[in-house]
Amino acid sequence: MPPLLSVRNVTRRFEGLTALNDVSMEVEPRTIAGVIGPNGAGKTTLFNVLTGFYRPTSGEVWFEGRRIDRLPLHGIAAAGISRTFQNIRLFANMTAIENVLVGQHIHLKTNFATAIVRPPSVTREERSAVKTAVELLRFAGLTRRENELARNLAYGEQRRLEIARALAVRPRLLLLDEPTAGMNPGEAAGMIKLIRALRDDMLMTIVLIEHSMRVVMGVCERITVLDHGEKISEGRPEEVQQDRRVIEAYLGTGQIITDGRA
Amino acid sequence: MEQWIQLFIDGTTIGGVYAVIALGYTMVYGVLRMINFAHGELFMMGAFAGFYTLDAYQQHSGLNDSLPVFTIASAIVAGMITAVVLAVVMERIAYRPLRHAPRLAPLISAIGVSIFLRNVMLRVTNAEAQVYPRVFPRGAIEWGDVSVSYIRIFLLVLSVFFLVLLWLFIERTKMGMSIRAVAEDRDTAALMGVNVDRTIVMTFVVGAALAGAAGAVYGMFVTTATAGMGFIPGIKAFTAAVLGGIGSVPGAMAGGYFLGITESLSTKFIGAQYKDVVAFVLLVLVLIFRPWGIFGKREDKRA
């Protein structure tokens with residue numbers, strides 16, 4: 001089976017600083033892949049390249065046999081990729097369900113004229129959009145929180161809402177940027193369950209960035225390790241764990257053994 | 001007591017106009033973090049479109065007398081269409097190329113557009129005030145000492161109608177939701193598949209439609225159109241938007257009525273000639289002491 005996502009020799013420079021240097025990776029359909037590395041390794045830069053926030057200085061990104069590194073931001077969603085953010089970026093003053101509805105917009109046919117005239121087809125479509133949104137919220141564990149403003153949700157709920165919103169785009173690839181960051185062990189365990197359910201029940205392909213080794217080792221099938229913008233290792237979790245270069249990169253922080261957050 | 005009611009009604013009438021115009025400022029600010037200083041000129045162009053429409057009916061038909069409902073409605077629609085077309089063009093050529101420029105650049109560009117439109121109309125009209133044909137039945141509803149003219153009632157009802165319509169649009173429709181999403185976080189909205197450029201254009205379209213309609217009706221109310229007529233209402237509506245907390249839709253509505261009523265009361269207690277002074281003193285005070293608006297909540301997140 002051809003890879004769903006293929007990152008080919010991507011380099012990204014910011015005036016003198018090379019945030020990503022010739023990084024390549026492939027992600028197979030319906031797998032959970034992890035990207036790890038110490039702070040400043042280029043993990044978030046990689047996500048920003050994948051989602052069109054940054055253009056690669058050189059190299060290419062292919063998704064489902066199509067080159068995507070030149071697409072405008074809103075084209076990424078249309079292509080079938082969605083993401084969450086390390087520092088939560090919900091629409092804070094909109095309700096939970098509205099956040100999810102915005103994600104569904106590209107799949108609705110209503111335009112400006114029909115939004116005002118409102119023929120029955122529009123009403124029907126909107127009703128089904130609301131129903132889907134409620135189901136997504138339930139899947140993400142946010143039952144009965146639909147009409148709460150996003151900013152009033154608890155921290156863990158906000159992270160879940162970001163996932164529900166990302167799913168509303170109906171992506172085939174979901175990028176999760178530190179999904180358990182700042183969570184207590186109970187919340188983190190719930191999040192890991194949710195990530196597994198995304199793959200098993202929704203047949204999603206997932207790439208996640210993580211600091212927490214426990215999460216990465218427990219949930220990812222393949223891991224790519226970045227350090228100073230370069231790929232220093234990749235493979236199955238147990239392989240990566242044994243890799244001398246990985247151990248060296250993390251040496252002194254103790255992160256490889258314990259759960260540690262930098 | 002009756003005097004109070006009179007002042008209150010007069011203030012609500014003009015306040016409704018401020019509120020309708022203020023929505024354009026606040027919505028554009030919401031999505032672009034920019035004050036569209038040419039917004040008052042959209043109002044002015046709406047008034048002229050309304051004037052030319054009514055004038056054409058006057059010259060070529062008797063419809064202004066036989067079917068005023070139709071001519072008034074078409075004047076309002078003409079005002080809306082004119083303002084919308086101008087807004088789309090100005091967004092395209094004066095603002096969009098400056099989307100990533102320093103914040104001052106689009107502001108200066110907006111002032112340029114404003115001066116341009118005003119001077120076009122000065123040229124077209126030879127700087128003469130254009131007098132509207134009389135389409136509205138004269139007369140008023142009297143209640144004791146309180147007297148409310150028909151045009152005033154029309155203005156009052158119409159502004160409430162537009163405010164409700166806009167509220168439903170913003171809260172209930174997909175496009176309204178996109179506008180709110182872009183206002184909160186443009187990049188994230190784009191990543192969720194919202195077409196940001198189209199949403200920004202729609203914001204201009206909606207704001208301009210309201211300003212154009214307000215211009216046409218206001219023109220009928222004051223019975224003249226002049227090239228400079230957009231300036232004071234424009235600045236007042238901007239004041240209303242700031243009073244309500246710039247970027248906030250309900251704030252702009254409340255701010256418009258608040259300003260209209262304050263002005264109206266000040267004509268009684270301070271003197272009619274100080275009406276504008278009162279409005280701008282209010283603006284300065286709010287900017288100094290509560291820059292997030294009288295009704296707005298302090299939001300540190302908003303830059």
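Reminder, nothing fancy here: chain letters follow the sequence lines and each chain counts from 1.
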If you round to the nearest 0.5 Å, how far is [atom2] of [Y] from [atom1] of [X]?
{"X": "B:Thr188", "Y": "A:Leu73", "atom1": "OG1", "atom2": "CG", "value": "9.0 Å"}
{"X": "A:Leu108", "Y": "B:Met175", "atom1": "CG", "atom2": "CE", "value": "11.5 Å"}
{"X": "A:Glu125", "Y": "B:Lys174", "atom1": "CD", "atom2": "NZ", "value": "7.0 Å"}
{"X": "A:Asn93", "Y": "B:Ser248", "atom1": "CG", "atom2": "OG", "value": "10.0 Å"}
{"X": "A:Glu98", "Y": "B:Glu171", "atom1": "CD", "atom2": "CD", "value": "6.0 Å"}

Using the test side chain to side chain contact (heavy atoms under 4.5 Å, CB included), find all partners of A:Thr57 that sit at least two apart in sequence or belong to another chain.
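Here the qualifying residues are A:Arg12, A:Arg13.
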
Of all residues at least two apart in sequence or in a different chain, which pass the side chain to side chain contact (heavy atoms under 4.5 Å, CB included) check with B:Ala49?
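With neighbours one apart ignored, the set is B:Ala78, B:Thr82.
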
Which answer fits A:Val102, side chain, backbone, both or neither, if we ask what part of it has an atom under 4.5 Å from a heavy atom of chain B?
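Both backbone and side chain of A:Val102 come within 4.5 Å of chain B.
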
Considering only heavy atoms, which portion of A:Ser82 lies under 4.5 Å from any heavy atom of chain B: side chain, backbone, both, or neither?
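Interface part for A:Ser82: side chain.
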
Pairs of heavy atoms under 4.5 Å with chain B: top-ranked of A:Gly52, A:Ala77, A:Pro72, A:Gly103
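So the answer, after comparing A:Gly52, A:Ala77, A:Pro72, A:Gly103, is A:Ala77.
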
As an exercise: rank A:His107, A:Arg89, A:Arg83 by heavy-atom pairs under 4.5 Å with chain B and give me the winner.
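Maximum pair count with chain B is reached by A:Arg89.
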
Evaluate salt bridge (Lys or Arg N to Asp or Glu O under 4.0 Å) for B:Arg172 paired with A:Glu126, printing each intermediate quantity in order.
CA-CA 10 Å; B:Arg172 296 287 160 79; A:Glu126 282 181 3; over 6 Å; no

Closest heavy-atom contact between A:Phe53 and B:Asp187?
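Looks like CE2-CB, 3.3 Å.
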
Can you check whether A:Ala92's main-chain N or O pairs, donor with acceptor, with B:Glu184's side chain at less than 3.5 Å?
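A pair under 3.5 Å: yes.
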
Non-hydrogen contacts under 4.5 angstrom with chain B: give the residues of residues 129-140 of chain A involved, or none if there are none.
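Not one residue of residues 129-140 of chain A has a heavy atom under 4.5 Å from chain B.
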
Residues, nucleotides or ligands: over 12 heavy atoms within 6.0 Å of [X] [atom1]:
{"X": "A:Arg199", "atom1": "CZ", "result": "yes"}
{"X": "B:Arg92", "atom1": "CZ", "result": "no"}
{"X": "A:Phe14", "atom1": "CZ", "result": "yes"}

Residues 191-212 of chain B side chain polar contacts: donor-acceptor under 3.5 Å, at least two apart:
| unit_1 | atom_1 | unit_2 | atom_2 | d |
| --- | --- | --- | --- | --- |
| B:Asn195 | OD1 | B:Asp197 | N | 3.3 |
| B:Asn195 | OD1 | B:Arg198 | N | 3.2 |
| B:Asp197 | OD1 | B:Arg99 | NH1 | 2.9 |
| B:Asp197 | OD1 | B:Arg99 | NH2 | 3.4 |
| B:Thr199 | OG1 | B:Asn195 | O | 2.8 |
| B:Thr203 | OG1 | B:Thr199 | O | 2.8 |

